[in-house]
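Taking it in order: structure first as structure tokens, then the write-up.
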Amino acid sequence: MTVDGAVLQLCPLLPSLESALRAHHHTVRLSDQPDPTAYLAAHGQEFAAAITSARIGVPDEVMDALPRLGAIVHFGVGYETTDVARARARGIDVSNTPDVLTDCVADLAVGGLIDVMRGLAAADRHVRRGAWPGAGFPLATKVSGKRIGILGLGRIGQAIATRLTGFGVDLAYHSRNPVDGVPYRYFDSPVALAAEVDALVVAVAGGDSTRELVSADVLDALGPEGFLVNVSRGSVVDEPALVKALVDGKLAGAALDVFVDEPHVPSPLLDLDNVLLLPHIASATRETREAMGALAFQNLHQFLTEGTLRTPVP
Ligand code: NDP
């Protein structure tokens with residue numbers, strides 16, 4: 001069943017994805033319209049599908065202005081920025097790009113963990129500012145053999161666990177439901193998990209149900225010798241509590257790829273040598289972004305030519 005209608009593009013996309021879209025489907029970039037609200041009021045009924053990023057989603061007022069919308073295609077695995085219940089109530093299908101980014105996000109989480117425990121970026125800064133001849137670099141923390149907790153043992157969490165197994169670490173995790181068939185210890189709350197590990201790696205989904213799941217109490221439980229790695233979403237961590245814990249020396253260090261108000265990073269963090277600050281790059285390799293683009297295109301194309309999505313969200 002083919003679906004009649006154009007594609008509304010809500011954010012900049014990879015050049016290869018934009019080219020594929022334009023080659024196959026009538027696609028309109030909302031940002032090209034001088035007055036997007038007036039444009040949607042006049043042309044909203046022309047669109048059968050929307051393509052957007054995990055960061056932007058489809059705002060309610062845009063969804064409401066598209067009466068014939070049948071599918072929302074996300075470039076990215078997170079889709080908490082779109083109100084999926086609102087879409088479903090209108091019969092709009094929603095897709096994301098799972099699996100294809102799992103390796104790169106897991107690689108970066110492990111890289112961040114090693115960096116912050118061993119002080120790699122800090123040591124690089126030490127050498128570059130010419131401090132090496134004057135003073136050795138302070139001793140760091142061993143990674144191998146440590147107790148590591150994973151918050152959210154989904155696709156990415158499990159890929160992180162698989163990688164860390166090679167480091168001989170003692171792995172434990174928390175998610176709402178224990179995962180069948182994994183050999184790692186399960187804790188029924190983030191606080192209980194944090195109290196038992198040397199480092200906590202956050203890989204849960206974003207959205208309201210995980211907002212500030214890493215609370216001040218969780219950070220307290222992790223303690224002054226504990227490390228935090230976050231490759232999930234900034235919203236999952238109580239960011240003011242995290243900044244305070246780091247500034248007060250109540251946490252040993254943090255590796256952060258995501259923040260509450262991106263691209264703004266809390267300014268006190270900029271002065272801390274025990275914090276790795278990354279500009280939300282966990283999936284940002286050429287290979288993975290191309291694979292995400294191809295999967296987003298397949299979703300859109302399949303919807304417009306067959307009426308179904310390739311990877312609908314659960
Ligand atoms: P999955 O859906 O496979 O895993 C999500 C995990 O979160 C599951 O273990 C789930 O377990 C857990 N979870 C969800 N809600 C809660 C809750 N309220 N309390 C505790 N645990 C919860 O997703 P992926 O592994 O593919 O992706 C995970 C997240 O990683 C994405 O949603 C996205 O936010 C982030 N991400 C970040 C990127 C970056 O660039 N930094 C790139 C890609 C993804 P259960 O349901 O049992 O609770």
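Along the sequence shown, residues carry numbers from 1.
- More than 12 heavy atoms of other residues, nucleotides or ligands sit less than 6.0 Å from atom CZ of Arg129.
- Asn299 and Thr311 share a donor-acceptor pair across their side chains, judged by distance under 3.5 Å alone.
- The list of ring pair (Phe, Tyr, Trp, His ring centres under 6.0 Å) pairs with a residue in residues 287-314, not counting sequence neighbours, reads His24-Phe297, His24-His301, His25-His301, Phe297-His301.
- For residues 218-233, the salt bridge (Lys or Arg N to Asp or Glu O under 4.0 Å) pairs, not counting sequence neighbours, are Glu80-Arg233.
- Taking every heavy atom of both residues into account, Val229 and Gly112 meet most closely at CG2-C, 4.5 Å.
- A donor-acceptor pair is defined here as one N or O able to donate and one able to accept, closer than 3.5 Å; such a pair exists between the side chain of Asp35 and the backbone of Thr37.
- No more than 12 heavy atoms of other residues, nucleotides or ligands shown are found within 6.0 angstrom of CZ on Arg118.
- Inspection of the Gln9 and Thr27 side chains reveals no N or O donor paired with an N or O acceptor under 3.5 Å.
- Under a cut-off of 6.0 angstrom, the local environment of CG in Leu270 is crowded, with over 12 non-hydrogen atoms contributed by other residues, nucleotides or ligands.
- Ring centroids of Phe187 and Tyr173 are separated by 6.0 Å or more, keeping the two rings apart.
- Using modelled atom types, one finds no donor on one side chain facing an acceptor on the other under 3.5 Å when comparing Ser235 with Glu212.
- Within the structure, every pair that satisfies the ring pair (Phe, Tyr, Trp, His ring centres under 6.0 Å) test and touches residues 93-126, not counting sequence neighbours, is listed here: His126-Phe137.
- Contacts classified as salt bridge (Lys or Arg N to Asp or Glu O under 4.0 Å) and involving residues 14-27 (residues at least two apart or in different chains) are given here: Glu18-Arg22, Glu18-Arg29.
- Heavy atoms only, all atoms of each residue included: Val116 and Phe227 are closest at O-CE2, 3.5 Å.
- At a threshold of 4.0 Å, the pair Asp4-Arg68 does not count as salt-bridged, since none of the basic side-chain nitrogens sits closer than that to a carboxylate oxygen.
- Under the 3.5 Å distance criterion, the side-chain polar atoms of Asp257 are matched with a main-chain donor or acceptor of Ala282.
- Applying the ring pair (Phe, Tyr, Trp, His ring centres under 6.0 Å) test to residues at least two apart or on different chains, none of the pairs has a partner in residues 254-296.
- Classification of Asp93 and Arg88 as a salt-bridged pair fails, no side-chain N sitting under 4.0 Å from a carboxylate O.
- Screening Lys146, Lys142, Arg147 for a side chain to side chain donor-acceptor pair (under 3.5 Å) involving Asp198 leaves a single residue, Arg147.
- In this structure, Ile72 and Ala87 approach most closely via the heavy-atom pair CD1-CB, 4.3 Å.
- The two residues Ile150 and Leu193 have their closest heavy-atom pair at O-CD2, 3.7 Å.
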Handout entry: Verdict with reasoning, His74 to Thr52, per side-chain hydrogen bond (donor to acceptor under 3.5 Å, both in side chains)
Key = CA-CA 5 Å; His74 292 88; Thr52 187; 5.8 Å; no
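- Listed by chain and residue number, Asp103, Asp107 satisfy the salt bridge (charged side-chain N to carboxylate O under 4.0 Å, His left out) test with Arg163 (two or more places apart in sequence, or in another chain).
- The closest donor-acceptor contact from the side chain of Ser95 to the backbone of Pro312 lies at 3.5 Å or more, if one exists at all.
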